[in-house]
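Owing to the predicted nature of the structure, the values given are computational and were not obtained by experimental measurement.
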Amino acid sequence: MTEFLARLKQRKLVQWALAYVAFAFALLQGMDVVAHQFGWPDGLQRGVTLALVVGFFVVVVLAWYHGERGAQKVSGTEIVILALLLAIGGGLLWRYERTTPATSPETAQRNPGTIPIAPTVAIPAKSIAVLPLANESGDKDQQYFSDGLSEDLITALSQFSGLKVINRDSSFRFRNSTDSVREISEKLGVAHLLEGSVQRLGDQVRISAELVNAADGSTLWSQHYDRPYKDLFALQDDISKSVAAALKAKLLDAGGAVVQSDRPPGGNLAAYNAFLQGKFYAHRQTEADQRKAIDYFTDATRIDPDYAAAWAGLGQTQWVLAGNYVGGSEAAQTWEKARAAVNHALRLDANLASAHAAYTFILFSADHDWKHAAAEAQRAHQLAPDKGYLTLAIVQGALGNAQQAVDLLRHGLPTDPLCAACYDYLARYLPALGQFGEATQAAQKALQINPEGYFSRLQLTYIHAMQGNAAAALQAAQQEPPGIWRDDALAMALQVGGDRPAADAALRTAIAKDSGDAAYQIAEIYALRRDPDNMFKWLERASRNRDPGIQLLLTDPPILRYKGDPRFAAFCKGVGLPATTDAKALP
């Protein structure tokens, strides 16, 4: 034993090992700082760590070898060999890590930080995305018609058991895409694509449709139809049944999900045409477009007063207008119109998922009736599981159930993989579970999907600010276009830096310019400043303004620092929220 220790000392093995460990530790610490600054993926850091582990054993072998020679200088050849061994060993370990099975649910529950922001799942054979049918009518104003038929096919195919169908918002992102069939299918996580074109010529409709196998680009089924416009619904049924037959899918059995349809109960094509135009403008998300949508939905309900889907669309668009574009007495009147329209839709069809979803947001935003909203959201999700998960996740987040909200979003993403709003809310709820790395990835994914997403950049700023990373927060804030959200983002970023005068000035700017529309965000800024008195003052103002930001209260780590303050419980009681949450407060 004495002889062995002497040989270790002769070869300076301990000195080599300690020097290497110190070098590796310093490298990893520095890399961690840079990774947070630039949002590097966790896999890169893990790969470097694995390479350094391999390098430790290589260094020990070299140390022994040099001690045997009685020399301590390393030749250039040996440096090259060491680098090759590190690269090969690290690469093999990284490849092994990439090919190991995904974390089991049991392990994920014990260690939530290991859960990816969107779980990787195998592409099922029975899976399809309906790409927006091309409008070949020669009239751009007919785009609503081809889009409406595409959406109807998505809805119809969703009624088949065991068939994964991608939601509209994700599949429509590939309108006029130059990506190959394989590239689109990989991004959407499906094995098949349905594509084609629509041409409406007076009383005739011409549709070409093709079902493509994404693996090899082969055509599984194709058909060309020329039918009278009056046979439109039968034509849609023919296409959906033919596609389902090609994929060997069967209609849903009786159960929680109920067949959903946007068609008028009496089959009135004029009402349906007005409804399609209403949906087209509702998706465009500007005030002028929302008002056009309201006009078209109103026309649909006038033509067919029993058209439940049109009443639901009318209520949905009215609450979007009231909650985002108008204020004062006009907002109050518009909320009441929305409530009346949705209640009428539910009287006509109690199993209409879109009506329950619209009612959820009225209860949620206008009434702050969170518990009733949760029941409506649960029903919408039960009736249409592929569409109702986001609404239910938002309500669960508002009630302080951050883990449930995250689980719902992750469960829904496979059928809506390019849902920017889903990643935005993941970025909001993951910090409440202490998962800041995943939250950063979610915000970046949302921006990748929608580069214009102001909420995504604001949330990315807030994530960095919560971590105390002033430089990264400021960098994210400066990328926000001028306006209310840039003011708030800059104020958030500067609160965690060392320039107090700049932080004070940014806060004054946000208050002076944006206090009417961003009272909740100003409360968040005061929470970052550790100023609870002003934080509670602005929360009260947010409550008076019916600020939609209040839905984030119970998943807001800086604000939750003060959940032990009696004012917190009193505020929650005042707005109808529970005072308990599974979210983690910042220290």
Side-chain angles (χ1 to χ4, degrees), residues 115-124 126-132 147 150-160 162-175 177 179 183-195 214 252 257 260 262 279 282-285 316 353-354 356-358 360-361 377-378 380-397 404-430 438 441-453 455-456 459:
I115 307 175
I117 56 171
T120 302
V121 294
I123 296 177
K126 294 182 180 181
S127 57
I128 186 171
V130 179
L131 300 185
D147 282 3
S150 306
E151 289 190 63
D152 189 273
L153 286 171
I154 292 171
T155 300
L157 290 170
S158 297
Q159 314 304 318
F160 288 86
L163 181 60
K164 173 186 173 183
V165 184
I166 298 300
N167 283 352
R168 182 243 189 230
D169 287 347
S170 289
S171 62
F172 270 45
R173 290 187 180 275
F174 292 93
R175 187 196 302 277
S177 173
D179 290 349
E183 289 171 333
I184 294 174
S185 66
E186 287 177 351
K187 291 175 182 178
L188 293 175
V190 293
H192 304 91
L193 297 178
L194 180 65
E195 53 188 4
L252 286 169
Q260 302 291 309
D262 285 340
K279 287 185 71 175
H283 282 301
R284 296 176 66 159
Q285 296 297 319
Q316 169 84 14
S354 61
H356 286 282
T360 298
F361 280 100
Q378 186 67 52
H381 184 251
Q382 182 185 23
L383 291 166
D386 289 349
K387 294 184 179 179
Y389 71 95
L390 176 57
T391 301
L392 184 56
I394 293 172
V395 177
Q396 290 298 336
Q404 286 188 44
V406 167
D407 291 344
L408 281 163
L409 290 167
R410 284 177 170 148
H411 181 74
L413 276 170
T415 57
D416 206 358
L418 300 181
C419 172
C422 301
Y423 284 104
D424 277 334
Y425 276 101
L426 273 175
R428 189 72 205 198
Y429 299 140
L430 285 166
E438 293 90 338
Q441 293 177 43
Q444 291 169 338
K445 179 68 173 179
L447 280 169
Q448 179 186 345
I449 296 170
N450 179 22
E452 304 303 317
F455 183 83
S456 308
Q459 186 56 30

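Note: D424 CG to R428 CZ = 10.5 Å, rounded to the nearest 0.5 Å. Note that CG of L408 is 6.0 Å distant from NE2 of H381, once rounded to the nearest 0.5 Å. Distance check, rounded to the nearest 0.5 Å: CZ of R168 to SG of C419 gives 12.5 Å. Between E195 atom CD and I184 atom CD1 the span is 7.5 Å, to the nearest 0.5 Å.
Between A393 and L409, the shortest heavy-atom distance links the atoms CB-CG, 3.8 Å. Here the shortest heavy-atom pairing between S171 and A129 reads CB-CB, 4.5 Å. Closest of all the heavy-atom pairs between A405 and Q396 is N-CB, 4.3 Å. Scanning both residues, A353 and L383, for their nearest heavy atoms gives CB-CB, 3.8 Å.
Formation of a donor-acceptor pair under 3.5 Å by the Q459 side chain with backbone atoms of A427 is found in this model. A distance-only check finds a donor-acceptor pair linking the side chain of S127 to the backbone of P124 [under 3.5 Å]. Between the T360 side chain and the A377 main chain, a donor and an acceptor come within less than 3.5 Å of each other. Between the side chain of K187 and the main chain of D179, no donor-acceptor pair closer than 3.5 Å is present. Listed for the S170 side chain is a donor-acceptor partner under 3.5 Å among the backbone atoms of L418.
Partners of Y389 according to the ring-ring contact (aromatic ring centres under 6.0 Å, His included) rule, which considers only residues two or more places apart in sequence or in another chain, do not exist here.
Annotation: side chain of Y429 is in contact with side chain of I394 (closest heavy-atom distance under 4.5 Å). Taking the side chain as every heavy atom from C-beta outward, T415 and K164 approach each other to under 4.5 Å. Counting only heavy atoms from C-beta outward, the side chains of Q382 and H356 never approach each other to under 4.5 Å.
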Verdict with supporting geometry, Y423 and L413, side-chain contact (heavy atoms from CB on, under 4.5 Å): CA-CA 9 Å; Y423 284 104; L413 276 170; 3.8 Å; yes
Worked check of side-chain contact (heavy atoms from CB on, under 4.5 Å) between D262 and E151: CA-CA 9 Å; D262 285 340; E151 289 190 63; 5.6 Å; no
S456 vs N450, side-chain contact (heavy atoms from CB on, under 4.5 Å): CA-CA, chis, key distance, verdict: CA-CA 9 Å; S456 308; N450 179 22; over 6 Å; no
Intermediate values then yes/no, side-chain contact (heavy atoms from CB on, under 4.5 Å), L426 and V406: CA-CA 6 Å; L426 273 175; V406 167; 3.9 Å; yes
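For the side-chain contact (heavy atoms from CB on, under 4.5 Å) test with L194, the passing option among I128, L131, V165, I154 is I128; the others fail.
The existence of a salt bridge linking K279 and D147 is excluded, since no basic side-chain nitrogen approaches an acidic carboxylate oxygen closer than 4.0 Å.
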